[in-house]
Enquirer: 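Below is the structure I would like to discuss, written out as structure tokens.
Counting convention: from 1, in listed order, for ligands and their atoms alike. What you are looking at is a predicted structure, and each value in this text was computed from that prediction instead of being measured.
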Amino acid sequence: MATAELAGKHLVLGMTGGIACYKIAELTRLLTKAGATVQVVMTEAATQFITPVTMQALSGRPVYTSQWDARVPNNMAHIDLSREADAIVIAPASTDFLAKLAHGMADDLLSTLCVARDCPLLVVPAMNRQMWQNPATQRNVTQLRADGIEVLGPDSGPQACGEVGDGRMLEAAATYEAIASFFSPKILSGRRVLLTAGPTFEPLDPVRGITNRSSGKMGFALARAAQQAGAEVHLIAGPVALETPWGVFRQDVQTAQQMHDAVMHSVADADIFIGVAAVADWRVDHASEHKIKKTAERTLPTFTFVENPDILASVARLPHPPFAVGFAAESGDLEVHGEEKRARKNVPLLIGNLGPLTFGLDDNEVILFEAGGATKLPRADKQTLARALIVEIARRLPDPSLIR
Ligand code: CTP
């Protein structure tokens with residue numbers, strides 16, 4: 001998990017009553033681990049679901065529940081607690097609290113803090129699906145958005161009451177991602193990014209196939225960084241065991257041909273294409289429909305290969321290509337092969353992995369190849385590197401009015 005976006009941030013974490021309070025213990029841990037300071041403020045109802053003692057232990061700061069708390073020297077908790085805050089996050093935000101916020105009510109410490117704030121306010125709703133769908137709640141949420149309040153979620157799925165639908169709070173990790181995303185500079189705002197990531201899988205028969213060691217981590221880290229930079233992100237992924245980054249549209253494929261077709265179907269809408277996938281160069285011509293069996297004579301199977309389409313080169317060949325970025329994994333002589341590959345694929349930017357064995361690892365070191373020369377970026381974890389690469393890509397984009 002990335003930490004840079006939230007390091008040094010001061011957040012007031014306001015908890016209102018709801019069973020989702022249990023998720024806030026984990027959220028607090030994630031936020032403090034990322035280097036944020038977290039000042040927890042709880043409504044009376046929230047203390048019925050989780051104790052202030054738990055929240056104090058996790059946040060490392062005293063928890064406030066009352067407007068009349070004598071620990072605040074000037075007795076103005078409603079002003080003092082948010083004075084240094086970079087944001088107030090209300091999680092979980094109950095139906096009642098959303099209604100209070102929409103109407104500017106201030107009858108307890110947390111609601112008064114929100115009305116008296118001078119910083120952004122983010123709310124993470126959590127409620128039963130009927131409460132969420134209620135026209136009054138929907139009216140209130142529309143009003144909150146119109147007032148410039150960020151509404152994160154809600155999620156859809158099974159609820160504590162046993163029903164299924166919209167209204168449940170985002171999981172702690174997704175809430176963390178949404179908060180981190182809020183703080184990232186929006187350098188790709190209004191841009192649409194199409195990415196490929198992971199390996200492909202080329203079947204030999206219904207149970208066997210050829211794949212490679214790509215984990216998809218770099219592609220997923222880039223998708224996440226692009227989303228956080230304000231882009232609309234479409235991620236086309238081969239078979240990987242990774243969670244979809246928050247706010248990213250993901251499409252799963254297996255083979256290089258499927259990945260090619262999916263890219264070609266969506267590329268017309270993209271401003272930027274980043275080919276991070278380790279695409280198989282060849283596939284077996286006519287994969288067997290049935291499992292290939294051993295024969296009595298022990299004859300070994302033979303396969304004929306045909307070439308897969310080159311997705312990156314196909315994108316670059318379009319009459320009006322998006323800004324196309326390639327990746328290259330080489331087992332040697334990157335400096336020589338990198339620029340040669342960039343020129344061959346006819347892309348403005350190609351990112352070369354320094355060191356052959358970065359598959360599956362969390363760290364990476366890369367060189368940027370472009371017409372003007374090569375630039376090395378410092379070794380970093382893949383998420384930090386992804387953020388740096390998004391900055392490099394954004395810097396090289398043509399003026400939006402000239403891009404297509
Ligand atoms: N790529 C692609 N479609 C392919 C092969 C590669 O889109 N069929 C893309 C990769 O996603 C990557 C770039 O091309 O962005 C370079 O991939 P790489 O495997 O390093 O290059 P190849 O063209 O396959 O060259 P070689 O295997 O000979 O090094």
Enquirer: So, using side chain to side chain contact (heavy atoms under 4.5 Å, CB included) as the criterion, who are the partners of T16 when residues are at least two apart?
Expert: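 T43, I90, S94, F97, L110.
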
Enquirer: What residues, two or more places apart in sequence or in another chain, satisfy salt bridge (Lys or Arg N to Asp or Glu O under 4.0 Å) together with E163?
Expert: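 E163: salt bridge (Lys or Arg N to Asp or Glu O under 4.0 Å) contacts with R129.
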
Enquirer: Taking atom types as modelled, is there a side-chain donor on T54 or T51 under 3.5 Å from an acceptor on the other?
Expert: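 Yes, side-chain donor-acceptor contact under 3.5 Å.
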
Enquirer: Please tabulate, for side-chain N and O atoms in residues 297-307, each donor-acceptor pair with protein atoms closer than 3.5 Å (sequence neighbours left out).
Expert:
unit_1 : atom_1 : unit_2 : atom_2 : d
T299   : OG1    : T295   : OG1    : 3.0

Enquirer: Given side chains that start at C-beta, do those of E26 and Y176 come closer than 4.5 Å, heavy atoms only?
Expert: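 No. Closest side-chain heavy atoms not under 4.5 Å.
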
Enquirer: Taking atom CD of Q39 as the centre, does the number of heavy atoms from other residues, nucleotides or ligands within less than 6.0 Å exceed 12?
Expert: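 Correct, the count exceeds 12.
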
Enquirer: List below, pair by pair, the N or O atoms of ligand 1 and of the protein that are less than 3.5 Å apart, including the distance to 0.1 Å; reply 'none' if no pair qualifies.
Expert:
unit_1   : atom_1 : unit_2 : atom_2 : d
ligand 1 : 3 (N)  : I311   : N      : 3.0
ligand 1 : 7 (O)  : I311   : N      : 3.3
ligand 1 : 7 (O)  : L312   : N      : 2.8
ligand 1 : 8 (N)  : P309   : O      : 2.9
ligand 1 : 11 (O) : G275   : O      : 3.3
ligand 1 : 11 (O) : A277   : O      : 2.7
ligand 1 : 14 (O) : K345   : NZ     : 2.9
ligand 1 : 15 (O) : G275   : O      : 2.5
ligand 1 : 15 (O) : F327   : N      : 2.8
ligand 1 : 15 (O) : F327   : O      : 3.2
ligand 1 : 20 (O) : K341   : NZ     : 2.6
ligand 1 : 21 (O) : K341   : NZ     : 2.9
ligand 1 : 23 (O) : K345   : NZ     : 2.6
ligand 1 : 24 (O) : D281   : OD1    : 2.9
ligand 1 : 24 (O) : D281   : OD2    : 3.3
ligand 1 : 25 (O) : K341   : NZ     : 3.4
ligand 1 : 27 (O) : D281   : OD2    : 3.2
ligand 1 : 29 (O) : K341   : NZ     : 2.8

